[in-house]
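Start at 1 and go down the list; that is how both ligands and their atoms are numbered.
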Amino acid sequence: MVKILNRGLLALLLAAVGFAAVPSAVFADHAWGNYHWARTSNTFTLNLGDNVSGAWDLILSTTSSDWSKSNVLVTKIVAGGTTGRRCRATAGRVEVCNASYGNNGWLGVASIWASGSHITQATVKLNDTYFNTATYNTLAWRNLVMCQEVGHTFGLDHQDENFSNANLGTCMDYTNDPSTNQHPDSHDYQQLVSIYGHNDSTTTVSQTVQSAPGKGRMPPAMANLEIAGPGQWGKLIHSSHGGWKETYELDFGGGHKIITHVLWATDEEDDADRGHEHR
Ligand SMILES: [Zn+2]
Ligand SMILES: [Zn+2]
């Protein structure tokens with residue numbers, strides 16, 4: 001993994017060899033595999049379906065305008081295609097949802113549906129069971145988790161996964177104190193440029209539900225799967241820091257996968273439960 005201190009070097013390397021020739025190992029810096037939305041040009045518009053309730057509306061609009069500062073993508077909030085509780089995916093866009101999903105240990109979950117390296121649809125779920133508690137019912141926690149989970153749906157990974165070190169100043173950094181980690185930083189925007197520095201010959205992004213172009217490429221069971229909980233996340237493929245960061249993969253064969261990224265609550269009360277369920 002490329003460390004923070006090497007970022008200057010990485011930028012030089014990227015500039016020197018050109019984006020198309022960059023090996024996937026470099027993308028592993030803070031990209032999520034090399035998953036990305038297929039599109040034929042930049043800047044592209046990615047719709048965020050609004051299935052969130054009033055308490056999240058301001059947060060969603062902050063996240064949308066934060067990420068739209070990117071040079072390669074613009075996010076647009078559109079009417080949701082599902083309900084907060086079901087959070088069924090819609091081809092060609094991200095559905096953003098909230099509900100009290102239960103005392104299951106997780107604050108937020110981002111899932112991407114991928115065919116090969118191309119993301120075809122994605123969902124973000126924010127767990128009000130925790131956001132309705134005094135610990136997490138703050139603007140800072142809501143901003144961090146919304147910003148991070150939506151960031152994952154672009155193909156971004158974390159910059160840092162240690163909860164206890166100094167904040168990096170990005171929502172893609174794990175922390176116990178979200179105060180200065182509520183928004184993306186310049187490195188996130190650079191990483192988006194490196195992920196989206198090439199054009200594809202097809203597109204998986206859609207502005208309308210009817211024309212959703214990625215849908216026909218997915219096995220129907222995958223396209224229509226509603227992910228209700230951990231039982232449907234699939235196989236644990238990555239775990240770090242004692243299980244705080246976990247990535248799951250559900251493989252439908254032929255390069256078709258659903259990948260789910262989980263942000264666990266740091267609340268100590270939940271520690272025992274979480275350990276019992278997931279380790
Ligand atoms: Zn591509
Ligand atoms: Zn995350």
Side-chain angles (χ1 to χ4, degrees), residues 1 18-24 26-44 46 63 67 72-73 92 94 96 105-120 122-127 130 136 141-163 167-168 170-176 178 181-185 187-188 191-205 213-214 217 233 236-241 243-249 255 259-266:
M1 202 166 211
F19 299 131
V22 175
S24 57
V26 171
F27 283 109
D29 174 30
H30 107 270
W32 199 1
N34 66 1
Y35 297 110
H36 58 279
W37 295 85
R39 76 262 98 81
T40 53
S41 64
N42 294 332
T43 304
F44 70 101
L46 183 62
T63 281
W67 285 116
V72 294
L73 66 84
V94 181
V96 183
W106 54 263
L107 283 180
V109 171
S111 296
I112 56 169
W113 279 246
S115 292
S117 58
H118 289 155
I119 302 169
T120 56
T123 60
V124 165
K125 290 165 113 175
L126 305 155
N127 191 353
Y130 295 95
Y136 293 107
W141 268 115
R142 287 172 184 263
N143 275 337
L144 179 145
V145 179
M146 176 72 88
C147 175
Q148 181 174 127
E149 301 306 333
V150 170
H152 286 319
T153 70
F154 309 144
L156 288 176
D157 204 343
H158 309 114
Q159 290 196 36
D160 176 73
E161 294 171 352
N162 185 336
F163 279 92
N167 283 355
L168 296 179
T170 165
C171 65
M172 304 310 287
D173 173 26
Y174 274 13
T175 183
N176 290 315
N181 277 359
Q182 300 182 49
H183 309 280
D185 74 352
H187 187 65
D188 296 315
Q191 185 71 34
L192 285 173
V193 168
S194 83
I195 294 172
Y196 290 99
H198 69 287
N199 289 335
D200 293 300
S201 56
T202 56
T203 179
T204 53
V205 177
R217 301 186 203 130
W233 290 346
L236 179 65
I237 55 167
H238 178 73
S239 179
S240 68
H241 296 278
W244 291 119
K245 180 205 171 169
E246 293 190 335
T247 308
Y248 296 81
E249 188 176 280
I259 301 115
T260 295
H261 178 91
V262 183
L263 176 59
W264 299 106
T266 57

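- Residue H158 approaches the Zn ion (ligand 2) most closely through its N/O/S atom NE2.
- Counting just the N/O/S atoms of H261, the one with the shortest distance to the Zn ion (ligand 2) is named NE2.
- Among N199, D200, L192, V193, the single residue meeting the side-chain contact (heavy atoms from CB on, under 4.5 Å) criterion with Y196 is L192.
- Checked against the 6.0 Å centroid threshold, W37 and F44 do not count as a close aromatic pair.
- Listed for the D185 side chain is a donor-acceptor partner under 3.5 Å among the backbone atoms of D188.
- If you look at H36 and ask which of its N, O or S atoms sits nearest the Zn ion (ligand 1), the answer is NE2.
- With the Zn ion (ligand 1) as the vertex, atom OD2 of D200 and atom NE2 of H118 span an angle of 90° (nearest 10 degrees).
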query = Can you list the steps and then say if Q182 with R142 is a side-chain contact (heavy atoms from CB on, under 4.5 Å)?
reply = CA-CA 8 Å; Q182 300 182 49; R142 287 172 184 263; over 6 Å; no

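- Contact annotation: the side chain of H261 never approaches that of V109 to less than 4.5 Å [non-hydrogen atoms, C-beta and beyond].
- Considering the Zn ion (ligand 2) as centre, the angle to OE1 of Q148 and to NE2 of H152 is 120° (10° rounding).
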